Protein chains: 2
Amino acid sequence: MAKETNAKLSRREREIMDVIYRAGRATAAEVLDQLADPPSYSAVRALLRVLEEKGHLRHEEEGPRYVFAPTVPRARARQSALRQILHTFFDGSTEQAVAALLDLSSAKLSDEELDRLSRMIADARKEGR
Amino acid sequence: MAKETNAKLSRREREIMDVIYRAGRATAAEVLDQLADPPSYSAVRALLRVLEEKGHLRHEEEGPRYVFAPTVPRARARQSALRQILHTFFDGSTEQAVAALLDLSSAKLSDEELDRLSRMIADARKEGR
DNA sequence: CATACGATGCTGGTTTTTTAGCATAATAAT
DNA sequence: ATTATTATGCTAAAAAACCAGCATCGTATG
C-alpha cells in the first residue's frame, strides 16, 4: 500500500501547499512571504508542522533552518488537480478543457508553442493506434 | 465594482460548491446524496445557507423546496480554476498544461476529438495575427 | 378533517482550525 | 565573550467551521 497522505486539508493548509508547490521548496519565512493574507510567522510554522504530521510535507535541515518540500511529487499532484477540475467543470471532457485553456491564453501563445502543441496532438494520435 | 462573493471557502463549502457545479443546480437532498463523506441533512442545509449568505449561491423556490445554483457562472468559475492550476503547477505555461491533459487521457481520446483539437490550434494561430 | 411527510428556520454546542506568545538553541557580529 | 538575530518546540486560547435537533409550515393523502 502507498504511504498515507491524509488528504483532508483545511483552507490554510491548502494555501500553504500551493505556495510550496509553486516554489518547489521553501522555508517558513518564504511561505509567509508568499501568502496573500498572511497570519503570524508562528502560525505558519504551526501549520507546516501539521502538514508534516499529515504526511504532505517533509523537511530538510539546511544550516539552522528547515526547508520544506512536498512528499507527493509535483507531477503527481498536478495530475490529481487536473482530474479534479476535469470532473467538476468539464464533465470529464479533455477536449473541452483544452479548448478552455487555449481560450484562456490564446493571445499569449507564440507560433512556436502552437507548433509544438500540434505535434503533441499528432503524436497522441499515433500512440492511440 | 463587481458583486461580492466572499472568496474564502472552507473545505466542506468547497466540496458542496463542486457538487453544485457538477450538477448545475441541486436541492439540499441532492447535494447530500453526492457528498462522498456525508454529514447530516441539517448540516448540508446549514452550509447551503452560509454559502448563500456569502454570495456564492442563490436559490429558487420550486414548489416546496429550494433549488440552489451558483451565482458565478460555471464558465467563469472554471476559468478561475484553470488559472489557479496553471499558476500553481505549470508556472503559467499553457503548453505544459495541455501536454499534461493529453498525457492524462490520450488513450481515451478519439480521432475525431483529436481532429477538432488540431483545428482549434490552427484557429488560435490565425487569431493571433 | 387529521395526520403523515418533507421541506425550511433557527439555535446551541462540539470539534477543528487558526493563531499568538514564550522558552530555547544555534549562528553571526561586535 | 557577550549580544543580537533568527531559527525551532511547544502550548493555550480565540475564532471559525461543522453539525444535529427541534419547531414550524405547507402539501398531499387517507
Side-chain angles (χ1 to χ4, degrees), chain A residues 4-71 84 88, chain B residues 4-21 23-72 84 88:
Chain A
E4 283 296 333
T5 54
N6 180 347
K8 304 306 191 74
L9 295 190
S10 72
R11 187 156 44 84
R12 265 297 193 219
E13 289 170 351
R14 177 81 273 152
E15 282 177 17
I16 290 181
M17 287 305 294
D18 282 353
V19 166
I20 295 185
Y21 270 116
R22 263 176 230 142
R25 56 207 297 280
T27 65
E30 288 164 351
V31 169
L32 179 62
D33 196 56
Q34 293 299 314
L35 283 177
D37 176 23
S40 74
Y41 178 65
S42 282
V44 171
R45 281 189 307 116
L47 286 170
L48 288 171
R49 235 177 308 128
V50 170
L51 283 168
E52 189 159 14
E53 276 165 24
K54 288 192 184 178
H56 287 92
L57 293 177
R58 62 188 167 69
H59 75 267
E60 286 165 17
E61 306 198 12
E62 197 152 288
R65 62 184 150 297
Y66 289 1
V67 182
F68 292 85
T71 54
Q84 160 70 19
T88 299
Chain B
E4 284 295 336
T5 54
N6 182 346
K8 303 307 190 75
L9 295 189
S10 71
R11 187 155 44 86
R12 265 296 193 219
E13 289 170 351
R14 176 83 274 153
E15 283 177 16
I16 290 180
M17 287 304 296
D18 282 354
V19 166
I20 295 186
Y21 270 116
R25 56 208 295 281
T27 64
E30 289 164 350
V31 169
L32 178 62
D33 197 56
Q34 293 298 314
L35 284 176
D37 178 24
S40 74
Y41 179 64
S42 284
V44 171
R45 282 191 304 119
L47 287 169
L48 287 170
R49 235 178 306 128
V50 169
L51 283 167
E52 188 159 15
E53 275 165 24
K54 288 192 183 177
H56 287 91
L57 292 177
R58 62 191 167 67
H59 76 265
E60 287 166 17
E61 307 197 11
E62 198 151 289
R65 61 183 151 295
Y66 290 2
V67 182
F68 292 86
T71 54
V72 174
Q84 160 69 20
T88 298

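What you see is a predicted model, and the numbers here were worked out from it, not measured in a lab. A, B, ... follow the sequence lines: proteins, then strands. Residue 1 opens every chain.
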> What integer distance in Å separates B:Arg12:CZ from D:dA20:C1'?
Replying inline: 13 Å

> Tell me: CZ of A:Arg11 to P of D:dA15, nearest whole Å?
Replying inline: 16 Å

> Does the side chain of A:Ser40 get closer than 4.0 angstrom to OP1 or OP2 of C:dA20 through an N or O atom?
Replying inline: yes

> What's the shortest heavy-atom distance between B:Val44 and B:Pro39, and which atoms?
Replying inline: CG2-CG, 4.0 Å

> Tell me the ring pair (Phe, Tyr, Trp, His ring centres under 6.0 Å) pairs involving residues 27-47 of chain A, sequence neighbours left out?
Replying inline: none

>> Applying a 4.0 Å non-hydrogen cut-off, can you work out what B:Ser10 is touching in the nucleic acid: base, sugar-phosphate, or nothing?
In response: sugar-phosphate

> If you look at every heavy atom in B:Glu13 and B:Lys8, which pair is closest and at what distance?
Replying inline: OE1-O, 3.9 Å

>> Rounded to whole Å, how long is the line connecting atom CD of A:Glu13 with atom P of C:dT19?
In response: 11 Å

>> If I take atom CG in residue A:Leu32 and atom C1' in nucleotide D:dA7, what distance separates them, rounded to the nearest angstrom?
In response: 14 Å

>> Measure CD/A:Glu30 against P/D:dT6 and give the value in whole Å, please.
In response: 15 Å

>> If you define the side chain from C-beta out and look only at heavy atoms, does anything of A:Arg14 sit under 4.5 Å from A:Met17?
In response: yes

Are there any protein N/O atoms within less than 3.5 Å of an N/O atom in nucleotides 11-14 of chain C, and if so, which ones and at what distance?
none

>> Could you tell me how far apart A:Glu53 (CD) and D:dG9 (P) are, to the nearest whole angstrom?
In response: 11 Å

>> List the residues meeting side-chain hydrogen bond (donor to acceptor under 3.5 Å, both in side chains) with A:Glu60, not counting sequence neighbours, and say none if there are none.
In response: A:Arg58

Can you name the atoms? Protein N/O to nucleotides 4-8 of chain C N/O, anything below 3.5 Å, with the distance.
residue: C:dT8; atom: OP1; partner: B:Tyr66; partner atom: N; Å: 3.2
residue: C:dT8; atom: OP2; partner: B:Tyr41; partner atom: OH; Å: 2.9
residue: C:dT8; atom: O3'; partner: B:Tyr66; partner atom: OH; Å: 3.2

>> Run the salt bridge (charged side-chain N to carboxylate O under 4.0 Å, His left out) test against A:Arg12 and tell me which residues pass, sequence neighbours left out.
In response: A:Glu15

> Mind checking whether B:Tyr66 and B:His59 have parallel, tilted or perpendicular rings, split at 30° and 60°?
Replying inline: parallel

> For the pair made of NZ in B:Lys54 and C1' in D:dA16, what is the distance, rounded to whole Å?
Replying inline: 9 Å

Let me check something: any side-chain donor-acceptor pairs from residues 18-25 of chain A under 3.5 Å, sequence neighbours excluded? List them with distances.
residue: A:Asp18; atom: OD2; partner: B:Gln84; partner atom: NE2; Å: 3.0
residue: A:Tyr21; atom: OH; partner: A:Val72; partner atom: O; Å: 2.7
residue: A:Arg22; atom: NE; partner: B:His87; partner atom: ND1; Å: 3.3
residue: A:Arg22; atom: NE; partner: B:Thr88; partner atom: OG1; Å: 3.4
residue: A:Arg22; atom: NH2; partner: B:Thr88; partner atom: OG1; Å: 3.2
residue: A:Arg25; atom: NH2; partner: A:Glu62; partner atom: OE1; Å: 3.2

> What is the distance, rounded to the nearest whole Å, between atom CG of B:Leu9 and atom P of D:dC18?
Replying inline: 10 Å

